[in-house]
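Report on one structure; see the data block that follows.
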Amino acid sequence: MKITETFVSDILKAEYPTDYQKIYDKSPLLQYLDKKMKAVHGNSKTRRSLANIYAIYSILFFYQKDFYNKKEAYRQFEGYDYMRLFNFYRSLYGGSKLQNHALNSRVNGEFHNKIKDVVNDLIIVNNGKYLIHIDYIYVEGHDISLVSCKIIKKYIDLLMAKDHALISILEELRGLTDYSEKKAKINALLTEDAEARIFEIISYAILKNHYKNITVFFGYTRDTIDEVVLELFKTGRTNANDGGIDFVMRPIGRFFQVTEVNNYDKYLLDIDKVMHFPISFVIKTKQNKKNVLNKLEKYIEQRSSGMTVLEERYHKAIEEIITINELQLWTSELNNSDIDGIIRDIDIYYKLEMNMDEEEED
């Protein structure tokens, strides 16, 4: 069985030079962790899975101190108290917003889903106490709790380095005096391989500063009409699984959804979830916006099977297509103050996304 992540392979080779592959092949726990760590890649579209990984890590962290290589003593153990584990993994990097679902159900459900041949749950739940099943701790006579923790620690170190890479770029941008160079570096961040969260934050910062230069005339009567600037608001964190819309505009009430070109069915799902209210799609692609729209319209026709009521419903719900090309063009048109505003907004929302301010305060 191939080890997916290079850093997992390196750690196992260092710990078990001659039989690392055998131990991996016989360890459902190591296989599960390996499958859960794809977020270390720059263009990964997967979630970081910190809740599930930290649930495992919190138990193994205390286990190492109390029961490492003490098999018989561990067989009598009834588990670690929930609050002790919960407080520990909430104190870890990126863990301050995590809930208790992973300990209670999610890890075991996903563990069985990813590792098909296992019979026992990975985490034993015992009336508010939790422990790892002994079958998954010992492999070929080796207690793998230490190496498992090393793998998790390395995963977190890699995520931290990746998270702070953008912060370093922003610091460099702030130090530049040539605004043409600033614009070029901002535009260079907008790639089809950009991580989804980073693309969403950068696209929001660009759109916010682009639209604030546009005014509309708004009022309830002719006498109360005022000239009002457009304001764009970000509605939540990028990975929030709340079925929401990414950006909302005042005062004209436009919805924006950030997405990719590879799944047109998701476009229709986004339209359905707001009851066919028009949406502007911000798409992580360099394709021409007309080409994207044509492909989307053809998909709508295919899905609708020629039924006019369905075709019209979805066609009317597409307000605008915005691609990387438009974002880069609008960035190049902004003045120096707006470019500094983009850099400031990326910094604010990225740190909020990563809980970096909270980590620094701790």
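Note that the structure is a prediction, hence the values are computed from the model and not measured.
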Parallel, tilted or perpendicular, as decided by the 30° and 60° cut-offs, for the rings of F88 and Y57: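 Rings of Y57 and F88: tilted, as their planes differ by 30° to 60°.
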Over-ring placement of K70 relative to Y74, 6.0 Å and 45° cut-offs: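 Geometry flag: not set, cation outside 6.0 Å or 45°.
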Aromatic Y82 / basic K129 pairing, under 6.0 angstrom, 45° off normal: no
Could you pull out all residues at least two apart from [X] that satisfy side-chain hydrogen bond (donor to acceptor under 3.5 Å, both in side chains)?
X: N213; answer: D338
X: S180; answer: none
X: S337; answer: none

For the [atom1] atom of [X] and the [atom2] atom of [Y], what is their distance to the nearest 0.5 Å?
X: Y32; Y: S148; atom1: OH; atom2: OG; value: 13.0 Å
X: Q257; Y: D246; atom1: CD; atom2: CG; value: 4.0 Å
X: N209; Y: D345; atom1: CG; atom2: CG; value: 5.0 Å
X: L85; Y: Y80; atom1: CG; atom2: OH; value: 8.5 Å

Path from Y16 to M1 over hydrophobic side-chain contacts below 4.5 Å: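 Hydrophobic grouping puts Y16 with M1.
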Heavy-atom pair with the smallest gap, counting every atom of Y350 and I198: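 That closest heavy-atom pairing would be CE1-CG1, 3.9 Å.
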Lys/Arg N to Asp/Glu carboxylate O, E231 vs K212, below 4.0 Å: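 So E231 does not pair with K212 through a salt bridge.
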N-O pairing of E260 and K284 below 4.0 Å: yes
